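What follows is a single structure, written as structure tokens, with notes after it.
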There are 2 protein chains.
Amino acid sequence: MSTAAPTPRKSSSGPDGLAVSGSELPIGNSPTAALDGLEHSRDTFITHWAEMGSSWGVPRSVAEVHALLFIEGRAMCADEIMERLQVSRGSVSMTLRTLSEWGIVTKTHQRGDRKEYFEAEQDVWNLLSLIVRARKRRELEPLLAALDETRHAANGETTASDAELKAHIARLDSMHDALQRLDRLSDRFIGRGGKGLDVAVRVLSSFL
Amino acid sequence: MSTAAPTPRKSSSGPDGLAVSGSELPIGNSPTAALDGLEHSRDTFITHWAEMGSSWGVPRSVAEVHALLFIEGRAMCADEIMERLQVSRGSVSMTLRTLSEWGIVTKTHQRGDRKEYFEAEQDVWNLLSLIVRARKRRELEPLLAALDETRHAANGETTASDAELKAHIARLDSMHDALQRLDRLSDRFIGRGGKGLDVAVRVLSSFL
DNA sequence: CGAAGTTTTCAAATATTCTTGAAATCAATG
DNA sequence: CATTGATTTCAAGAATATTTGAAAACTTCG
């Protein structure tokens, strides 16, 4: 088991916690030896990126696949990914679809090869923009719409025209307005081909 | 089903989706009637806020408790919360601790009452700042530290001084640098008493 | 069109995360 | 300092989310 996944979340039945330990790196001949350190470094990156992802609500394996493609910096096919990460074909398939929907991974082909290859956006600012865009659409906007509706429904309340109702509506409004401002702001900065976020950060950095 | 929790995730054994139904709220006298619409509106808010939270990795019930405290806009005790949200005492306790750690809920007392009361930050920009601060500390900074370490470890690679190693380090660097820039930026804007985020948004709004 | 190679789907299995509830701890009170 | 009321803890249970694997559906090629 030389190419184990970065994070072996799957407990093997036997007491072999260290099976994947020191016996794989130093083996091989010269070119392999050189790559082993890299491989390990990549694993580390993948592990940390996946951990952050999962604490932000991104399924661990989605983050892992993305991390792998990002840090390898080249197109890989499903087989290679599942081998490297030790996950099932089905999982890789769904994961790649998710990443494609977010726009941070793109499908490519290699001539003479029937398989599909995938590669990750390499520009980090562009990457972040795409992520923001996806989450904004999927999560922020629906919330805004819901708040808006709730606010209007509450406004139509006939029964209570007292201070309490006013305060309630004010709360809904303040939440809605703040989120809407963030929403609109992000529109502008993710609009221009991914460099917007970079620009925004630079502007703000020099400001305060 | 008037006072059911915003989201009845818990399936009761029998086919009685409405078991906890109409027998408690509408009972009282005139003022109660006026509150029904409000109550419903609050439930809606709680549901949506909780849903957004859970898609961002915040446990649903944490988001629910926060939403309740925010939208009620007053201090509530554990009993009231567990009653309203239909969750266990233990859950409310842990949830309130989490929210306190994030700094978006504070403990208060009422004289002559032994119970602890809790209330949520009402200023939305301040609220957002506090959330950003908490997540930054808990998730962004550890990742930055890990990336940093990984980068240096990779740099020390003796075996491969070829182009591949350079490209690898460049990738780690670009990721680290972008995140670090965001990290430092947020420092400044969450620093000044919560108004920083508001200011940042205003500045950027007028910029591009 | 049929065979071979590839990808997608999805119900079942698995793993993870969250919730509960009751005992333990803590705090105020007389 | 014992009692009562309130809160915290945490192991067990419940619910949710994720992964698998094998069958179905495509696709390309001969």
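Proteins get letters first, then strands, A, B, ... in listed order; numbering begins at 1 in each. Keep in mind that this is a model prediction, so the values were computed, not measured.
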> If you look at every heavy atom in B:Asn126 and B:Glu121, which pair is closest and at what distance?
Replying inline: OD1-OE1, 3.3 Å
>> Ignoring hydrogens, what is the shortest heavy-atom contact between A:Val124 and A:Phe70? Give both atom names and the distance.
In response: CG2-CZ, 4.1 Å
Tell me: [atom1] of [X] to [atom2] of [N], nearest whole Å?
X	N	atom1	atom2	value
B:Asp79	D:dA6	CG	P	7 Å
B:Gln110	C:dA28	CD	P	16 Å
B:Arg111	C:dT29	CZ	C1'	18 Å
B:Ile81	C:dT19	CD1	P	14 Å
A:Lys115	C:dG5	NZ	P	10 Å
B:Met82	C:dA22	CE	C1'	13 Å
B:Leu96	D:dT9	CG	C1'	15 Å
B:Gln86	D:dA15	CD	P	15 Å

>> Closest approach to the side chain of B:Lys107, judged atom by atom: which nucleotide of C:dT8, D:dT8, C:dT20 is it?
In response: D:dT8
Ion pair [X]/[Y], N-O distance below 4.0 Å:
X	Y	value
A:Glu119	A:Lys107	no
B:Arg171	A:Glu72	no
B:Arg84	B:Asp79	no

> Hey, is CZ on B:Arg74 packed in by over 12 heavy atoms from elsewhere, all under 6.0 Å?
Replying inline: yes
>> Testing A:Arg133, A:Arg138, A:Arg137 one by one against A:Trp102 for a side chain to side chain contact (heavy atoms under 4.5 Å, CB included), which residue passes?
In response: A:Arg138
> Taking only side-chain nitrogens and oxygens of A:Ser61, does any of them come within less than 4.0 Å of OP1 or OP2 of D:dT18?
Replying inline: no
> On DNA chain C, nearest-nucleotide positions of B:Gly57 versus A:Arg97: which is more 5'?
Replying inline: A:Arg97
> Closest nucleotide of DNA chain D for B:Phe118 versus for A:Val62: which of these residues is on the 5' side?
Replying inline: B:Phe118
> Reading nucleotides 21-30 of chain D from the 5' end, what letters show protein touch, with B for base, S for backbone sugar-phosphate only, - for no heavy atom under 4.0 Å?
Replying inline: B-----BB--
